[in-house]
Novice: 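Pasting a structure here, questions to come.
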Amino acid sequence: MISLRYSTIGEKRKVYEWLCLSDTTPTFMGDPYFPDHPIPTWEEYLDDFEDFYFIEDEKEKGSVMIIENDGEEVGCVCHSSFHLKQECAELDIWMKSEACCGKGFGTTALKMLIEHLQVELRKTKFIIRPAERNIRAVKAYEKAGFRRVVNKEATHKEYYLSDDYLNKYGEGDYGSESTATMTIEI
Ligand SMILES: CC(C)(COP(=O)(O)OP(=O)(O)OC[C@H]1O[C@@H](n2cnc3c(N)ncnc32)[C@H](O)[C@@H]1OP(=O)(O)O)[C@@H](O)C(=O)NCCC(=O)NCCS
C-alpha cells in the first residue's frame, strides 16, 4: 500500500542520491542519452532544492514528499508552486532505484499527491514536464491522468506567476522542443 509523507531537512542528501546517483539516473539525466540535461552536482542541487522543500510548514511554496510502499521508502514526489499562479502546481517524481520502477508506485503516488494538494492547498491545475524521450515517465503520467498540451506557450502563460519566472523556467529541463508539457485540471 502506497503512502506519502513530508520529508525533513535531514533527508536532503538521500533524496539527492535517489535523483542523481541512482541506477535510474541515466534514464532521464546526463550522458549518454540526456547530454542536454546534465546531472546536477550536490552544490547545484542545493541551489535548486531550497530548504522550504523539506519543511512542512512551508508547503505553500513546494514540498518533497517521501513515497512509501507498506512502510518502506521507494522514492519521492515533489511539487513546486512558488513560481506559479495560486491554483497551480508543478510536479516531479523519481523512484529510488530501478527495482522500485514499473510496479505502479509512481502512478499511484502522483494521483495521491494531486488529491492531497487539492485538499490541503486548493490546487486545481497541475503541470509536469518530462523529456519526450522518457517514454516510461510519459506513460506513467498518462496513466495518472495527465494529457499532453498542444500549445505549450499558451499553457505556460496560463500557469506562470510572472514573465520573470516564465523566462527562467519556461523552456523546461530539456529545452522547449524536447520537453513534453502535460497537464491535468480538476
Ligand atoms: C517515471 C517513474 C516515476 C514512473 O513511475 P513507475 O512506478 O515506474 O511507473 P508505472 O509502473 O506506474 O508505469 C510505467 C509504465 O510505463 C511503461 N513503460 C516502461 N518502459 C516503457 C517503454 N520503454 N516503452 C513503453 N512503455 C514503457 C510500463 O509498462 C508501465 O505501463 P503499464 O502499467 O501500462 O504496463 C519511474 O519509472 C521513475 O522514477 N523513473 C526514473 C526517474 C524519472 O524518469 N523521473 C521522471 C522525471 S520527469
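In listed order, ligands and their atoms are each counted from 1. All values below were derived from every heavy atom in this structure, side-chain atoms included, with hydrogens, water molecules and symmetry-related copies excluded.
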Novice: With ring centroids as reference points, do F34 and Y174 lie under 6.0 angstrom apart?
Specialist: yes
Novice: Among pairs that include at least one residue of residues 64-75, which meet side-chain hydrogen bond (donor to acceptor under 3.5 Å, both in side chains), considering only residues two or more places apart or in two chains?
Specialist: R5-E68, R5-E73, K14-E73
Novice: Would you say the side chains of Y141 and T107 form a donor-acceptor pair under 3.5 Å?
Specialist: no
Novice: Would you call the rings of Y169 and Y160 parallel, tilted or perpendicular if under 30° counts as parallel and over 60° as perpendicular?
Specialist: parallel
Novice: I'd like to know whether CD of E153 has more than 12 heavy-atom contacts from other residues, nucleotides or ligands below 6.0 angstrom.
Specialist: no
Novice: Output, in order, the C-alpha distance, side-chain angles, deciding distance and verdict of side-chain hydrogen bond (donor to acceptor under 3.5 Å, both in side chains) for S7 and Y53.
Specialist: CA-CA 8 Å; S7 61; Y53 282 105; over 6 Å; no
Novice: Using heavy atoms and a cut-off under 4.0 Å, could you grab the residues that are in contact with ligand 1, chain by chain, numbers ascending?
Specialist: T24, T27, F28, D92, I93, W94, M95, C101, G102, K103, G104, F105, G106, T107, P130, N134, I135, R136, A137, K139, A140, Y141, K143
